[in-house]
Visitor: 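After the structure tokens below, expect a handful of questions from me.
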Protein chains: 2
Amino acid sequence: MNDDAQGAAIRVERPTKTLRELALDKVREAIINGYFRPGDRLVERDLCAQLGVSRTIVREVLRHLESEGLVANLPNKGPIVAQLNHDEAKQIYEIRAALEGMAARLCAEQNNPAIADALNKSLEDIRHSYREKDMAGVLAHTSSFYQTLFSMVDRHVAWGVVNLLTVRINHLRSMTIKTQNRDVQGPAQMARIVDAIRRGDGDGAYQAAMDHVTSASAIAQAVLSGRQPID
Amino acid sequence: MNDDAQGAAIRVERPTKTLRELALDKVREAIINGYFRPGDRLVERDLCAQLGVSRTIVREVLRHLESEGLVANLPNKGPIVAQLNHDEAKQIYEIRAALEGMAARLCAEQNNPAIADALNKSLEDIRHSYREKDMAGVLAHTSSFYQTLFSMVDRHVAWGVVNLLTVRINHLRSMTIKTQNRDVQGPAQMARIVDAIRRGDGDGAYQAAMDHVTSASAIAQAVLSGRQPID
DNA sequence: TACCATAATATGGCCTACCAAAATCATCTA
DNA sequence: TAGATGATTTTGGTAGGCCATATTATGGTA
């Protein structure tokens, strides 16, 4: 008993990430951070060499990323890094708007101050990262802001969908947050979400969340079509 | 030119579905139609034998279905058919409500009578299938109704999300459509969506689409919690 | 008989090696 | 210089094997 209890307490929290999962993370990361660029071919055997794993693993990883939408498969030519076109990006932002709006409304309807508090915490982290010019931190904490939004009302499925879609527009995100004034406007818009939630104002929270994504989408569109917005 | 045109016209309908894709469809189908039941173990080597393909393929297929949410992987035990719990089903219906509502609103805002016409066509097919007690047909045409809803406003990404989620609740859908009165209520609710779209009433279309899914969700919850069907 | 240690068995995770077909590239000839 | 020919690369797919772990018999002992 004692043994069991101690064993459980001591047990090294090893979710034994399998080699496949490690490889998956590595490749996904490589695509997200731009090591592999959109359109690049992903040659199986090259990946084997680079990752130091067998083709079995590489193939499973490629399949997985394919169903995530990060990799596209040309018939008889093989996998390439998926290219995100304009219109698709817009659609992804639109879906996020709908789902994040929904989650924000649900949060507001909970009338639980702890939610607004938790969100404010993330928001502070975001502001801090902006001040430090730590753009990776901004992205991470923004992600965690939204994760809180969904998990506080137990919407992990919706969070999964948002997360899945988000990786596909990740490079856009990293560009939008770098635009002029986004360090002020972004957090301000998110603060409006939190305020509405604290007031228990469902419609307001919904609208504020929609607005935030919509404005990010607009910036992304501008970035995609070349010119930087002055805003 | 002539050559090219003829070539394109004659070109044998590429059966280039790779073996992998065929296997994927087979297994997905087998899960959806209940050949494999939730909780069933999916033993790799058995699947190899049943599908007549190599383990490589089977593993890729399992990975793919895993990321679709149809298959779950227990650490150190291997893949099983995912089990859908109550709460998750509710979340899936909720997401569908948000996205289908969004699509319905967009359709209404197009003010294009062709959209309502196309939807009515699907609706007629649904009613016909109900009269014939062809439940598979009801599901198929309902699917096509929603596909129209999304594709008419070029929202294929959202349609993809809805589709992905829908396969996970497929067995629930086939139960909800069999409940008392659903043959009348379902089509009636969908007709309200179409009417609102025809009127160009965005809010009405949004609300009608939400209502339809919400009522399906309520029935599904009843089915899940109430009388458990004798599996 | 109850129970525990041990050996089989089953299975996932991972690897190497191989083959065929298609695409691509280089080369050589008419 | 255009076109045929051949070599190379790469994917799609197969076969089979190794190892670690988990389950299940199995059998022996108290």
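Chain letters run A, B, ... following the sequence lines, proteins first, then strands; residues in each count from 1.
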Visitor: Can you sort out the partners of A/Arg173 under salt bridge (Lys or Arg N to Asp or Glu O under 4.0 Å), two or more places apart, ordered by chain and number?
Guide: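 Listed in chain order: nothing, the list is empty.
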Visitor: Would you kindly give the CD1-to-C1' distance between B/Ile80 and C/dA10, to the nearest whole Å?
Guide: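 For the pair B/Ile80 CD1 and C/dA10 C1', the rounded distance is 17 Å.
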Visitor: Under a plain distance cut-off of 3.5 Å, with no hydrogens placed, do B/Arg182 and B/Ser215 share a side-chain donor-acceptor pair?
Guide: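 Yes, because at least one side-chain N or O of B/Ser215 sits under 3.5 Å from a partner of the opposite role on B/Arg182.
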Visitor: Between A/Glu66 and A/Arg63 (salt bridge meaning N to carboxylate O under 4.0 Å), is one present in this structure?
Guide: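 Judged by the 4.0 Å cut-off on N to carboxylate O distance, A/Glu66 and A/Arg63 do form a salt bridge.
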Visitor: Side-chain contact, heavy-atom cut-off 4.5 Å: B/Leu164 with B/Glu68?
Guide: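 Result yes, sub-4.5 Å side-chain heavy-atom pair found.
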Visitor: Sequence neighbours left out, what pairs pass salt bridge (Lys or Arg N to Asp or Glu O under 4.0 Å) with at least one residue falling in residues 72-89 of chain B?
Guide: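 Qualifying pairs, neighbours excluded: B/Glu88-B/Arg168.
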Visitor: If the cut-off is 4.0 Å, is B/Asn76 near the phosphate of D/dA22, judged by side-chain N/O to OP1 or OP2?
Guide: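 For D/dA22, OP1/OP2 do have a side-chain N/O of B/Asn76 under 4.0 Å.
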Visitor: Between D/dT21, C/dG12, C/dC15, which one does the side chain of B/Pro79 approach most closely?
Guide: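 Given the options D/dT21, C/dG12, C/dC15, the side chain of B/Pro79 is closest to C/dG12.
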Visitor: Write down the distance between CD (B/Glu21) and C1' (D/dG13), rounded to a whole number of angstrom.
Guide: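 Between C1' of D/dG13 and CD of B/Glu21: 14 Å.
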Visitor: Specify the separation, in whole Å, of atom CG of A/Asn73 and atom C1' of C/dA22.
Guide: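 Atom CG in A/Asn73 sits about 15 Å away from atom C1' in C/dA22.
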Visitor: Give, ordered by number, those residues of residues 41-50 of chain B having at least one heavy-atom distance below 4.0 Å to an atom of DNA chain C; if nothing qualifies, reply none.
Guide: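 Of all residues in residues 41-50 of chain B, the ones placing a heavy atom under 4.0 Å from DNA chain C are B/Arg41, B/Leu42, B/Val43, B/Glu44, B/Arg45.
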Visitor: Can you sort out the partners of B/Asp154 under side-chain contact (heavy atoms from CB on, under 4.5 Å), two or more places apart, ordered by chain and number?
Guide: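 Counting only residues at least two positions away or on another chain, B/Asp154 forms no side-chain contact (heavy atoms from CB on, under 4.5 Å).
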Visitor: Identify, with sequence neighbours excluded, every residue that meets salt bridge (Lys or Arg N to Asp or Glu O under 4.0 Å) alongside B/Glu124.
Guide: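 B/Glu124 satisfies salt bridge (Lys or Arg N to Asp or Glu O under 4.0 Å) with B/Arg127 once adjacent residues are dropped.
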Visitor: Rounded to the nearest Å, what distance is computed from the CG atom of residue A/Leu74 to the P atom of nucleotide C/dT24?
Guide: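 The distance from CG of A/Leu74 to P of C/dT24 comes to 10 Å, rounded to the nearest Å.
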Visitor: Just to confirm, is there a sub-4.0 Å distance from OP1 or OP2 of C/dT24 to any side-chain nitrogen or oxygen of A/Lys77?
Guide: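 So the side-chain polar atoms of A/Lys77 do come within 4.0 Å of the phosphate oxygens OP1 or OP2 of C/dT24, strictly under.
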Visitor: Below 4.5 Å, heavy atoms only, C-beta onward: do A/His156 and B/Gln91 meet side chain to side chain?
Guide: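 Side-chain contact under 4.5 Å: yes.
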Visitor: Going by heavy atoms closer than 4.0 Å, what residues in residues 51-67 of chain B are next to DNA chain D?
Guide: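 Contacting residues: B/Val53, B/Ser54, B/Arg55, B/Thr56, B/Ile57.
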